[in-house]
Every structure is written in structure tokens, then in C-alpha cells.
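A note on names: the letters A, B, ... follow the listed sequences, proteins ahead of strands, and every chain is numbered from 1. Any value given below was found using the heavy atoms of this structure, including those in side chains, with hydrogens, waters and symmetry copies removed.
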There are 2 protein chains.
Amino acid sequence: MDEAAQSGRRGRASVRAARIQDVAKLAEVSTATVSRALATPERVSAEARARVMEAIAKTGYVPNPAARTLRSQKTYMVLVVLPDLANTFFSKILRGIEETLFEAGYGMIIGDLDGSPEKEAHFAAYTAAGRVDGAILLHGHLFGQSRGGEGAPDRIGIPLVALCEAIPGADIPQIEIDNRAAASRMTRHLASLGHRSIAYVSGPAGNILELERFLGYRDGLEAAGLSFDPALVIPGDYTIESGVAAGQNLVARASRPTAVFCTSDEMAIGLMRTLFSAGLKVPDDISVAGFDDIEFAAVAEPALTTIHQPRRELGQAAATALVALLQGRPTPKRIRLDTELVIRDSVAALCPMS
Amino acid sequence: MDEAAQSGRRGRASVRAARIQDVAKLAEVSTATVSRALATPERVSAEARARVMEAIAKTGYVPNPAARTLRSQKTYMVLVVLPDLANTFFSKILRGIEETLFEAGYGMIIGDLDGSPEKEAHFAAYTAAGRVDGAILLHGHLFGQSRGGEGAPDRIGIPLVALCEAIPGADIPQIEIDNRAAASRMTRHLASLGHRSIAYVSGPAGNILELERFLGYRDGLEAAGLSFDPALVIPGDYTIESGVAAGQNLVARASRPTAVFCTSDEMAIGLMRTLFSAGLKVPDDISVAGFDDIEFAAVAEPALTTIHQPRRELGQAAATALVALLQGRPTPKRIRLDTELVIRDSVAALCPMS
DNA sequence: AAGCTTTATGTAATCGATTACATGCAACTT
DNA sequence: AAGTTGCATGTAATCGATTACATAAAGCTT
């Protein structure tokens, strides 16, 4: 049952990878010296180092990660857990994470929950099994424990960082934007254009982001001297489909709000779709605002007024914090990056006549 | 320099993970029996197995992947290399891959080239270092060798599968759609609606997908009795931005085609954006077709006529093929999945008057 | 010059699993 | 009853690195 023979590849790529022993023999030093030449070059004489490097180049030696991990108990791998990879909001965040981790010598494993929380257990096992040195969590809670609960100990035992969705009660660094302030800002922007009836399309119930943004929406209403009307809150879950559904909800109403604040661009785009199909015009008949500033926001028709999140920077900040933790350095418990109100064409001043 | 003490976590999560020895001791068997109870249960007596299982449950034992890999030379990890994670086209493919790999007991590492081919070397090192058992390549060529070149041996030495972008001359399974036929189909569809001047927004030069689709475009023209006009080919690279640029190109022209076939939905959406900004109406003034059928295609304004690719199924098929390879089973060299022409609102019949 | 430090290197234990080989015992054959 | 076969299990080698400890040589101190 020789694999190489069986697959008919013998003699091709089946040359065994070089081991540290091969390098040591070629350089006429011990394996310890080879290892040191790579990890702590200053502790090896210049000539020995040169011979080792030459031997490495000649053999094409690459340290075996499994052996290295087994001995040093370090995987140089980080797990990134996110709720939905298909959500374009995350891709640029991942970029930021990946590039920062890469520079620090870490690889990245992506754990896509794909909307099914059961999968979380699967990825929690990754950490438990020691497959990764640390994890960045974008999905709003810790492994194992369903939710907060007075200082429950994190049974994971590896450094964690929460990104975007702050985890209440967890004693780990949190990297986020000020969702509440941003939502308030957008609500006030709409109000400042004369809108007095501003609907709100929410995120998933119980979601921390949603909580914050909802509070911001209410803050904004209050600051503008508008009263809160529960009938203007339409449930959503950040997906295009829920935006479409919210649009249908809106279209079916006898009296409609003049502006709609969707807490994700996906929902805003889905919602606009429904409005168009119903013959309504944006922003003439109704203004629509989004949140996130994904790539498609700028090219939507009409171009979407939204809140810009520094996605790449968020990823970088989270990765930087995690690497600090992994290297035993301290890191701030809470990092907040600034958002920006991006004014495009989907929101217009309310015509006094309507 | 005790890490646990330093980070102040001692006594919390710093309980050492259970090893196979701990389980063996508790179950009063040897480590070999524990290992066998997990890998080949039928070779262990029922009672021993029961004791082992109980001990595993009690200790929460999870085999150390590094140790397992070191000994068995299997990582149970697969690398997926793709050109651009931010391209929404890939996310559902990844889903299909991930779910299939997961069922087969494999994990997935994502290698995002992020538009910079240099990164390929980085991920090639993953395979060389034995971090993964196999790889799925979505970026159109093999590692190391820049391009084809008469039967160059794959120096990687691990099973590979090409997905979406067939790799010419490579002796590995290819999973794809019939890009040529699909492009031809769309071109004929446009022609059948009376369009005689059909522009083509291309993918990146040299890209295999692009090659195929371009051939399909020409097939379609020919089938419709239309002659090919090089002036109607506008360069693109599948991104929104290049679609925007293609739109500007179009707008600037004195005489415009009546239909534009964009070889990605992203480009189609970007292009429509530019047309709107220039005061043109889709599909009244000009018809626009896409390719891929990403999520946003259905909610674009107007909804995009495009080619639907079975993305999840493509991912599943690729993963299935790779797993077969990894397990020494044969797998077909070429798998082609069907596409579908999705007719929405961005393409209209040409008004004879114009 | 004896003793101490520093520097460079080698030897071998170690990480935690898998698995080839050995062993003991029961069941079966003739 | 002796020999054969097969099953369940244990012993120990092995994967390929890192690193604690040992050692040797060179440089310093007084």
C-alpha cells in the first residue's frame, strides 16, 4: 500500500522533504546548531551560520510545522470566527487581519458559522485541540458559554479578541466602532433634512451590534426632538433577503415613513429593490440610508448614503491586539475606531409639500 | 517567565489538556489501545472500548493534532487558494467546499491572493512545508511554474484540484462550468432580442476564464450571423471598479452598442452605475448582461440578466474530488456543471426604431 | 597561572500521538 | 495433546523539531 507507487507518482514529486538532520549533516554541524541558526542567529558563529544557510538553500529545507508545534506548543495559527463569510462586510476585515498576522508570522484559519450557531462548537474544538494559538471572534459571544453570565471563566484557555461585536462581560480586548454614536449620527442626519418619520430596520434580535445601533437610533430621535414610534421598527437580520422583506412590509403600509434607516447596506439595497418594484422612487418618495459602506453601496442605484466603517483598520487593530497578547505584551482592553457619515444619493431633504 | 503566571490566568484555564496517556491510565489500558479504540474500534474488545470511551468523556480528551500529524504525516487540512476573497463570487463556493471537507473530517485554510500574485509563493510554502494534505486552486495556475509549459512536473507533491479556472496542461482534476458555452448562450440571447452591436467587457488578460468566455462571445456572434468588432471589446478585470471604467469608456463613445455583455456581475453593476450617472437608462437605452449571478444581481436596479453558476455545487464537487484523491480513490479528470441563463430586467428587446 | 566567565557547539530528552512487532491466551484443527 | 490460527493487548520505536544541560575552548580577572 505504498501511496506514492499507488498514485503512480513515484520518482516525480515523491522526493522526501529535507529534514533538519539533512541540513545538519550537509553543514557539518548538529541539529541544535541548525535550529539555533534559524531561531537565534546571534547565538551561532558567523561561519557556522553561513554553512547552515547554504545547506538550507541547497536542500530547500523548511521546518516541519507539526514537529515544531509539538515541541514548542505553538502553532503560529490564529482562528477567526465570523457569522457569515458570504456577507461582504467581512472580507475586507479579513484582509486587514490576514496581512497583520502574516507580518507577525502567523497563519489564519477561517471559521465560518454560516448562520448556524451549532458550528461554533466545531470551531471551539479547534482551540481546545490546540490547533491555534489564539482567536479573533466576530460573532458576538465566547465559545461554550451561550452568553455572558457573571464572569464565567473562559474555558478556552487561549488568548481571544472580540472584533466588531463586543462581548459583554468578557475580559478580553474589544475592537469596535462606536455603533451607538454612528447610528445616532445617521438618525440626526435624516432628521436634519426634515424627516420626522424615520423607520428603522433592525439587525437580529439579541445581537449586540443591533442593541447599540438601536440605542443610537433612539438617541438620534431624541436629539432631534422626535418621539419614538415602535411601529417604525422593522425586524431584519442584515441580509439582502431581510431587506427585501422589510421593503414589502413598508410598501404594504397605508402611511409610510419618509426615511428608512437600515442597519446594514445589504438590507438597504434589498429594501430599495422592493420599493422600486412597487413603483416608489428613492430618494424622491422615500429616503434610504445604510450602514457599513460595503463596495456595492457606492454603485447602487441610487448610490447609498451610509456609515463608513474602517474595515481594514478594524481587522488590523484586532490582529495587532491578538499578536500582542500572544507575545505576552499588554494591549488596551477597548479600541474604538472612528466611523464616517458618507453622503450619497439615496437620502434627500424632505420636500415640505409632501 | 511562566506564561500562565505572567498573564495572571493561573488556576483558570491553564489546566493542561488531557493526553492519551491520561486516558490510558484512567481506563487501565495502554496508549495503543486508546489509539486503536478511536481509529479502529473493531479491533478492540467491547469492554476495553467502553472503558476508554468513558475515560475520554471524563477527561475531555482530544487528540493533539500536531502529534498526530507528525507521526502519521497527515494534516487533515486542505488549502484553498483564491484570487480575491472580497469578490462575492467566491463565498458560496467556499461554503460548498467547507461543508464537504468538514463531513470528510478535513479542515480548510484559505489562501487569499488579494490580487497580488507574489502571495502565491507564501501559500505554496504551506504545501511544501506539509501544513496541508491537498489544495484546491481557484486562481488558474499551479504553484511555482508560472504557466503550463509542456508537462512540467508539479513540484508540490500533494494532490491538487483546479476549480473554476481550468489549468491548461496540468494533470489534475478540473471542476468547472462550460464558460464558452455559457458566454455563447448569453451572446445569442442578446442577439435574439435584436441586438446587432453587442459590446463585451472582458476579464483580466491571459486569464483562462476570460479566454473561454471570449471564445464563447465570438461563437455566439457567429451563430447569430454577426461579425466581430474589436472596438466593442472593453478591457476589465471582474471588479466593480473596472466595470465603472468600462462604463466611462462606453459613455465617451460617439456611437454606442445597444447591448453590453459583462463577464462578471460586479462589472455589470459598476457599469450600470456609470451609465445612470451619464443619464442613460438600462435597459431602455442600452441592455446590460452579467455573469455569475451573485446575490446582488437579483436586487440590482434594474435586476441583472446573467448566467447562473451553481457555486455551492462547484465547491462541493471540487472538495469531493480532492477528498477522493486524498483517500487514494480515483476521480474523474474533468467535471462540468451546468449553468443557467437567468433573465431579469437589465436586458430588453431592441426597439426597431433606435 | 589558577579560577572564573563567556561563547559556541554538541548530546540527548522531550513534545503526544501512531503503529510495527511481540506476547499471551483462547479456540480450533487433526 | 501438540500445533496452528486469530484476537486483544502491550512495548517501544518513530515522526522532526526544540531546548535543557553538558562540554570544550577562548578570553578575563587578579
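- A heavy-atom distance below 4.5 Å is not found between the side chains of B:Ile335 and B:Pro173.
- For A:Asp112 (side chain) and A:Leu85 (main-chain N/O), a donor-acceptor pair under 3.5 Å exists by modelled atom type.
- Contact footprint of chain B on DNA chain D: nucleotides with an atom under 4.0 Å from a non-hydrogen protein atom, first to last in 5' to 3' order, D:dA8 to D:dG16.
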Protein-nucleotides 4-8 of chain C N/O pairs closer than 3.5 Å?
none

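- Note on residues 17-51 of chain A: no pairs pass ring pair (Phe, Tyr, Trp, His ring centres under 6.0 Å), not counting sequence neighbours.
- Residue-to-nucleotide proximity on DNA chain D shows that, of B:Ala32 and B:Gln73, the 5′-proximal contact is made by B:Ala32.
- In terms of the side chain to side chain donor-acceptor pair (under 3.5 Å) criterion, A:Thr69 has no residue partners (sequence neighbours excluded).
- At a threshold of 4.0 Å, the pair B:Asp22-B:Lys25 does not count as salt-bridged, since none of the basic side-chain nitrogens sits closer than that to a carboxylate oxygen.
- Within residues 19-27 of chain A, the residues that have a heavy atom under 4.0 Å from DNA chain D are, in order of number, A:Arg19, A:Ile20.
- Among pairs with a residue in residues 319-333 of chain A, those fulfilling salt bridge (charged side-chain N to carboxylate O under 4.0 Å, His left out) read A:Asp171-A:Lys333, at least two apart in sequence or across chains.
- Not counting sequence neighbours, the partners of A:Thr59 by the side chain to side chain contact (heavy atoms under 4.5 Å, CB included) test are A:Ala18, A:Val23, A:Leu26, A:Tyr61.
- For residues 45-54 of chain A, there are no side chain to side chain donor-acceptor pair (under 3.5 Å) pairs, not counting sequence neighbours.
- Annotation: side chain to side chain donor-acceptor pair (under 3.5 Å) contacts involving residues 27-42 of chain B, sequence neighbours excluded, comprise B:Ser30-B:Thr33.
- When side chains are defined from C-beta on, A:Leu79 counts as touching A:Thr127, because their heavy atoms get closer than 4.5 Å.
- Taking the nucleotide of DNA chain D with the nearest heavy atom to each of B:Leu70 and A:Ala39, the more 5' of the two is matched to B:Leu70.
- Nucleic acid contact class of A:Ser35 (heavy atoms, under 4.0 Å, all strands): base.
- Of the residues in residues 51-68 of chain B, those lying under 4.0 Å from DNA chain C by heavy-atom distance are B:Tyr61, B:Val62, B:Pro63, B:Asn64, B:Ala67, B:Arg68.
- For B:Arg95 and A:Asp84, the salt-bridge test passes: some basic side-chain N is under 4.0 Å from an acidic carboxylate O.
- Shown here are the side chain to side chain contact (heavy atoms under 4.5 Å, CB included) partners of A:Leu113, two or more places apart in sequence or in another chain: A:Val81, A:Lys119, A:Glu120, A:Phe123, A:His139.
- A:Glu99 pairs by the side chain to side chain donor-acceptor pair (under 3.5 Å) definition with A:Arg312, A:Gln316, not counting sequence neighbours.
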